[in-house]
Structures are given as C-alpha cells and as structure tokens.
Amino acid sequence: SKPRCILRLYHVLALVLCVSASDDFDWTKNEKSSFYYGTFPTGFSWGAGSSAYQTEGAWNIDGKGMSIWDAFARKKGKIFSNDTGDSSCEGYYKYKDDISLMKDMKLNHYRFSISWPRILPSGLKNEHINEKGIKYYDDLINMLLENKITPIVTLYHWDLPQLLQEKYGGWQNGSMVNHFNDFANLCFERFGNRVKYWITFNNPWSIAVEGYETGEHAPGLKLKGTGAYKAAHHIIKAHAKVWHTYDMQWRSKQKGLVGISLTADWGEPVDITNQRDIEAAERYIQFYMGWFATPIFNGDYPQVMKDYVGRKSGQQGLGASRLPVFSPQEKSYIKGTCDFLGLGHFTTRYVTMKNYPSGLGDSYFSDRDLAELVDPQWPDPGSEWLYSVPWGFRRLLNFVKTQYGNPMIYVTENGVSEKMQCTDLCDDWRMKYFKDYINEMLKALKDGVNVKGYTAWSLLDNFEWDEGFSERFGLYYVDFRSKNKPRYPKASVQFYKRIISSNGFPNQREVESWKRKAVETCSSSNQLLAADPLIGHMEMVTEIVVPTVCTLCILLSAVFLMFLLRGRL
Ligand code: NOJ
C-alpha cells in the first residue's frame with residue numbers, strides 16, 4: 001500500500017544519502033545537489049520540439065486523412081474535458097510566426113513530426129499522395145533552413161492513419177512494417193535533400209503500452225499482457241527496415257542520419273545496498289528503454305525481459321512466451337540500425353522488488369515484478385507523473401553510454417508542465433527545472449557521454465494527449481480560447497535564451513542574474529495579456545473583495561460608534 005511504501009522509502013532515503021558517495025560517479029566533485037559552472041562544446045545544438053497532432057490543428061484540411069488520434073479524441077470520455085486536436089495551436093497556419101519565435105530564441109534546431117495521414121490520407125503510398133500536405137512540410141522545412149534552423153524530423157509521433165487501424169489493427173499487424181517503410185521512403189524522397197536528421201519513432205514505449213495495453217492513448221486497446229509486446233515487436237522491425245532503406249537508397253546521396261527517439265525515466269534502487277532493489281531498478285529500465293534499445297544496439301531483447309516474461313507465460317500455462325522472438329536473421333538485421341539515439345527524459349522513480357503472483361491478470365506491468373515509488377519531497381508542479389529529479393538524468397545518460405557503446409545522443413525531449421489553473425507566465429519552477437536538468441546533462445558530458453544536442457519540450461503549449469489542453473509544457477503560452485491562438489512568452493523563454501547564448505552556465509554571478517531578469521520581463525504586460533484567469537482573479541478582487549471589505553468597515557464603525565455613544569450616555 002502507498003503509505004507503507006512511503007514509510008519504507010523514508011527509512012531507506014537516509015541510507016541512500018549516506019552511501020551515495022560510494023557510487024560510480026565522481027560525487028566528490030559534482031554531487032547530486034551541487035551546481036556545475038561550465039559551458040558546452042562548440043557546436044552543441046539547442047532546440048525545441050513539437051509534434052504534428054499536438055500542434056498543427058487543420059485536422060481535415062487540404063485533403064488530410066484521419067489519424068487514430070482524430071478518431072480517439074472524438075470518443076466521449078477519452079480525453080480530459082473531451083478536448084480534441086482539431087485546431088490545437090493552428091500550427092498548420094502559423095508556422096511562420098512560430099519560426100520567428102524560434103529565431104528570436106536563436107535555436108539551432110527544431111524538432112517536429114510529419115503527420116502520416118496528411119501526406120498519405122489512406123496510409124498507403126500506392127493509393128493517393130496528398131501534394132498539399134507535402135507542400136506544407138516543404139514550406140516549413142524551407143523556411144527553417146532560410147533561418148538557419150536545422151530540422152530534426154520525426155516520422156511517427158503517434159498519429160497512425162485511421163484506415164490502417166481499421167483495416168489491419170494498426171501495430172498489431174506485421175504488414176505495418178511495409179506500410180511504414182513506404183511512407184518513410186516517400187519522406188526521404190521528397191524531403192531528404194534538405195532534412196539530415198530523421199527519427200523513425202517517437203517514444204515507442206508509449207505507443208505500445210498506452211496504445212495497446214492500458215488503452216489510455218489511441219487506438220485505445222486493452223490487450224493486457226500481449227498487445228504491447230506485439231506492437232513493440234513490429235515497431236522495432238519497422239524501424240530497422242526504414243534504417244536499411246535509407247542506408248541502401250539514400251545515404252550516399254543525402255548524407256543524413258536515421259535514429260529513433262526513446263523515452264525513459266531513470267529507476268533508482270530504493271535501497272542501493274539491497275541486491276533485490278538493485279535488480280528491480282535494473283528491470284525497470286530494461287523493460288522501459290532496454291526493450292527497444294537492446295535489440296537495436298545489441299541485437300535482441302534484454303535477457304531479463306526474456307526470462308521474466310517467458311517464466312510468467314509458462315506459469316500461465318502458455319506454450320510460448322508472450323514476448324515475441326526474433327529469428328537469428330532478424331537479430332542481425334536489427335542490430336546496429338541507429339545512427340544516433342534520440343532520448344526523451346522527464347522524471348525518475350525509486351524502484352523496489354514486488355512479486356506479482358502469476359494468474360492475477362498478467363500484464364506488462366506485473367511481468368516486471370517491481371513497485372515504483374516517489375519521494376514526496378520531489379517537486380511536481382504539473383503532470384501527475386512528473387517529479388523534478390535532475391540527478392536521474394545524468395544517471396540515465398551514463399546508463400546509455402555504458403549499455404549501448406557510447407552512441408551519439410540527441411536529447412529529443414525534456415521539460416516540465418503546469419496545470420491549466422495556474423496560467424502564470426513567470427514560470428520559475430520551469431526555469432529551475434531546465435537549469436538543473438541541463439546542468440546534469442553538462443555533468444554527463446564531462447563523464448564522457450556523447451550528447452550532441454538538447455531539445456526543450458515543448459516550443460508551445462499544445463494538446464497533451466489524454467490530458468487535452470490541461471497540462472502545458474510550452475516555453476510559449478498559447479491562449480486556446482482565442483480563435484487566433486496567440487502565443488505569449490513565459491519567463492523560461494528568456495532563461496533558455498540565456499543558456500543558449502552562453503552555451504551553458506558561464507559563472508554563478510551571471511547565471512543568478514538570469515532568473516531575476518527573466519522575471520522582470522514576464523511580470524509586466526504580457527502576463528495580463530495572456531493570463532485571462534489572472535485578470536479574472538483581479539476582477540474578482542475588485543468586484544467581491546472590495547465591496548465586502550467596505551461593507552464590513554462600515555458595519556464595524558457603526559458598532560464602534562454605538563459603543564462610544566452608550567459610554568457617554
Ligand atoms: C512525451 C511525448 O512524446 C510528448 O508528445 C508529450 O507531450 C510529452 N511526453 C509530455 O508528456
């Protein structure tokens with residue numbers, strides 16, 4: 001139960017603190033809490049990110065087909081307050097304005113995704129190519145390049161053409177490998193002369209688990225214990241195929257790179273002296289990032305996944321493991337299909353062992369035999385799952401380095417949200433989050449991790465999937481109630497700008513002045529402009545509080561006067 005877990009956590013936290021000095025890293029110089037002043041290597045790339053369904057809007061414009069998210073968001077009760085991405089930030093129309101925002105921040109790159117059904121409405125290349133959709137991305141890419149912003153393009157950020165879901169069952173079906181390869185090939189053909197960084201899939205863990213296991217995301221299937229593994233299996237094969245297509249047909253001409261973007265939390269053993277906790281934390285990461293990274297870098301699923309899912313499937317009386325198997329040919333075909341690793345990272349968990357007896361409903365989650373805990377002291381300003389734990393980032397980066405042969409890494413997502421209710425443009429918690437996470441990344445670089453770029457998530461507030469518009473990750477605040485979807489800079493824009501222009505953290509005096517300066521700008525007129533609820537609050541103060549206080553004053557004076565008069569009489 002939760003309270004018991006938390007109590008236990010308090011016990012061991014003391015331990016964690018005592019023994020952390022004996023860890024792998026040089027904590028004597030750069031402890032968890034200490035700040036490291038220094039700068040990034042020249043050429044380090046700074047960017048911000050978005051995705052098609054979350055920002056474009058124009059869901060049925062210029063011949064775009066429907067995606068699984070268009071369909072999912074239409075079902076009542078799936079999304080917070082039944083929001084949809086129908087218009088979202090209207091990015092389809094406002095990309096020029098958005099590029100100005102990027103230019104103003106002096107971003108080196110912009111990470112966005114291509115909506116598959118916008119260019120292939122039925123999902124299939126041999127049916128219909130939507131030239132208007134192609135033109136939109138052409139214009140976007142050209143304008144970025146004109147402004148010296150490198151496009152980093154994701155091919156699949158979750159918006160599968162709905163027809164492929166209906167016809168084939170989406171990622172449950174192996175035929176998707178070829179359909180996705182056709183789509184990717186078309187993108188290489190049309191955009192590859194200008195795009196040099198390709199990401200096949202964004203966060204396949206989420207596609208598999210939330211799309212096919214828990215059903216919180218589109219297509220909303222709840223195929224417990226099997227659906228996620230099957231989807232992941234096909235996604236990994238599709239990724240490998242697309243990498244080979246690029247390698248064989250385009251690389252020599254276009255000279256670009258093809259990677260995948262994996263998202264993972266860091267998992268820290270609750271008690272780092274307890275072997276069972278250490279192994280549980282290892283399983284947590286292997287079932288998260290290792291599930292995808294190990295086949296792609298090392299040629300097969302992590303041994304621990306094969307062991308656990310295999311054993312549990314046996315106990316269930318199944319003839320074969322619920323975790324699919326790669327043939328030897330597939331293994332060697334998949335191994336080494338990553339020119340760079342995209343890394344999305346937001347938060348950390350403490351992990352301890354927990355036995356899930358077989359038969360009580362097997363699932364991806366129970367297969368892992370672990371429990372996740374959080375330290376109640378960790379700040380969690382926005383999304384329920386997102387606690388700010390900067391030191392986990394450095395550990396995750398070092399984990400990637402040692403497990404996968406020190407690959408080239410682009411951080412493709414990192415950031416923090418706020419809840420809809422507090423539309424404060426002076427987002428000091430976000431400035432702190434960026435400052436501390438980016439600093440841990442700098443420490444990781446000093447540890448020898450090969451990080452080449454960093455992408456803040458996200459450029460704009462946008463459609464946060466099942467949470468609708470209620471959680472805002474943007475550097476820019478978007479007023480979704482206004483038809484034109486105006487953007488307003490939060491203080492973190494100023495702050496991030498300073499990090500970029502200094503290429504890191506030059507010295508204490510300067511860095512400490514950044515926050516002050518950023519807050520000066522945000523607390524002026526912008527705040528009032530954007531944050532109607534704040535104006536609303538001020539109106540409330542004048543409309544209710546002022547008259548109430550006045551009435552009370554009058555009453556009190558009357559009572560006081562009465563007492564005075566009585567005394568005299
Ligand atoms: C990862 C997803 O890729 C992105 O689309 C989402 O907005 C962020 N996580 C924040 O939850």
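In listed order, ligands and their atoms are each counted from 1.
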Next item on the list: Report the relative orientation of the aromatic rings in F183 and W116; use parallel for angles under 30°, tilted for 30 to 60°, perpendicular for over 60°.
Entry: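 Answer is parallel, since the angle falls under 30°.
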Notebook entry, point to check: Between F191 and W198, how do the two ring planes meet: parallel, tilted or perpendicular, split at 30° and 60°?
Noted result: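 Ring orientation of F191 relative to W198: tilted.
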Checklist line | Verdict with supporting geometry, K64 and E56, salt bridge (Lys or Arg N to Asp or Glu O under 4.0 Å) | finding: CA-CA 12 Å; K64 176 181 167 291; E56 282 177 4; over 6 Å; no
Checklist line | Other residues, nucleotides, ligands: >12 heavy atoms within 6.0 Å of K485 NZ | finding: yes
Polar contacts were defined as any N/O atom of the residue lying under 3.5 Å from an N/O atom of the ligand; does this apply to [X] and ligand 1?
| X | value |
| --- | --- |
| Q54 | yes |
| N203 | no |
| W465 | yes |

Margin query: Starting from atom 11 (O) of ligand 1, what is the nearest protein heavy atom, named by residue and atom, and what distance separates them?
Written below: E464 OE2, 2.5 Å
Item checked: Protein contact of atom 9 (N) of ligand 1 - nearest heavy atom, named by residue and atom, plus distance ->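 Residue, atom and distance for the closest contact: E413 OE1, 3.5 Å.
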Notebook entry, point to check: Below 6.0 angstrom between ring centroids: does that apply to Y229 and W291?
Noted result: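 Yes, they do, as the ring centres are separated by less than 6.0 Å.
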Item checked: Note: K96-D139 ion pair, threshold 4.0 Å (strictly below) -> no
Next item on the list: May I ask you to say whether K497 pairs ionically with D104, meaning some side-chain N is under 4.0 Å from a carboxylate O?
Entry: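 Salt bridge: yes.
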Of the side chain and backbone of [X], name the one, both, or neither that has a heavy atom under 4.0 Å from an atom of ligand 1.
| X | result |
| --- | --- |
| H157 | side chain |
| T263 | neither |
| F463 | neither |

Next item on the list: Below 4.0 angstrom from a heavy atom of W385, which ligand 1 atoms are there? Numbered from 1 as shown, please.
Entry: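 Those atoms are 11 (O).
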